[in-house]
Amino acid sequence: MSNRVAVRSFAYHYSVLLLVLVILGFGSRALFLPECWPPVRVTLVLHIIVMAAWFLLVVGQALPINKRSISMHKFIGQFGQIVA
């Protein structure tokens with residue numbers, strides 16, 4: 001495996017690992033410590049949606065690069081401007 005392929009593969013696997021850690025970290029807290037939840041307001045729900053979209057975008061950006069699809073990577077990047 002060449003160095004460039006290893007870098008692309010690392011970026012994708014690292015982004016998936018980050019997504020899994022976020023889901024496990026926040027999800028486990030929500031499941032096992034529901035009494036620690038703040039009151040659920042619209043702003044909290046919006047924050048959860050935007051944060052999830054951001055981490056999914058990170059994975060979505062790394063996957064096309066891993067598969068050498070630069071045009072898809074650029075397309076997802078334009079969508080990322082909306083999320084940002």
Side-chain angles (χ1 to χ4, degrees):
M1 181 168 14
S2 73
N3 190 28
R4 295 181 83 185
V5 173
V7 168
R8 284 195 313 264
S9 181
F10 172 77
Y12 171 69
H13 288 99
Y14 186 74
S15 66
V16 170
L17 176 66
L18 282 176
L19 177 63
V20 168
L21 287 175
V22 166
I23 291 171
L24 288 176
F26 285 103
S28 64
R29 184 169 190 261
L31 288 175
F32 298 121
L33 298 172
E35 65 276 1
C36 293
W37 264 72
V40 179
R41 297 181 306 255
V42 174
T43 55
L44 178 63
V45 173
L46 182 63
H47 174 76
I48 292 168
I49 291 170
V50 171
M51 190 177 102
W54 184 256
F55 277 98
L56 288 172
L57 182 66
V58 170
V59 174
Q61 280 288 89
L63 183 61
I65 290 298
N66 195 32
K67 294 183 181 250
R68 296 183 181 182
S69 177
I70 304 303
S71 61
M72 181 58 84
H73 172 77
K74 289 179 179 180
F75 177 75
I76 294 172
Q78 290 174 348
F79 174 72
Q81 293 175 1
I82 296 168
V83 175

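Here, residue 1 is the first one in the sequence, and each next residue gets the next number.
In terms of hydrophobic clustering, with Ile, Leu, Val, Met, Phe, Trp and Tyr side chains grouped at heavy-atom distances under 4.5 Å, Ile23 and Phe26 are assigned to a common cluster. In the hydrophobic cluster analysis, where Ile, Leu, Val, Met, Phe, Trp and Tyr join through side-chain heavy atoms closer than 4.5 angstrom, Val22 is grouped apart from Leu46. Linking Ile, Leu, Val, Met, Phe, Trp and Tyr residues whenever their side-chain heavy atoms come within less than 4.5 Å leaves Leu21 and Tyr14 in two separate clusters. Placement of Val42 and Val50 in two distinct hydrophobic clusters is found when ILVMFWY residues are connected by side-chain heavy-atom separations under 4.5 Å, directly or transitively.
Of all the heavy atoms in Ala11 and Ala62, the pair that sits closest is O-CB, 4.0 Å. Residues Val58 and Ser15 approach most closely at CG1-CB, 3.5 Å, considering heavy atoms. Pro64 approaches Gln61 most closely through the heavy-atom pair CD-O, 3.5 Å. The minimum heavy-atom distance linking Gly80 with Trp54 is given by the pair O-CZ3, 4.4 Å.
Evaluated for a side chain to side chain contact (heavy atoms under 4.5 Å, CB included) with Val59, the options Leu17, Val16, Leu18, Val20 yield exactly one hit, Val16.
Looking only at side-chain heavy atoms (C-beta outward), Thr43 and His47 stay at 4.5 Å or farther from each other.
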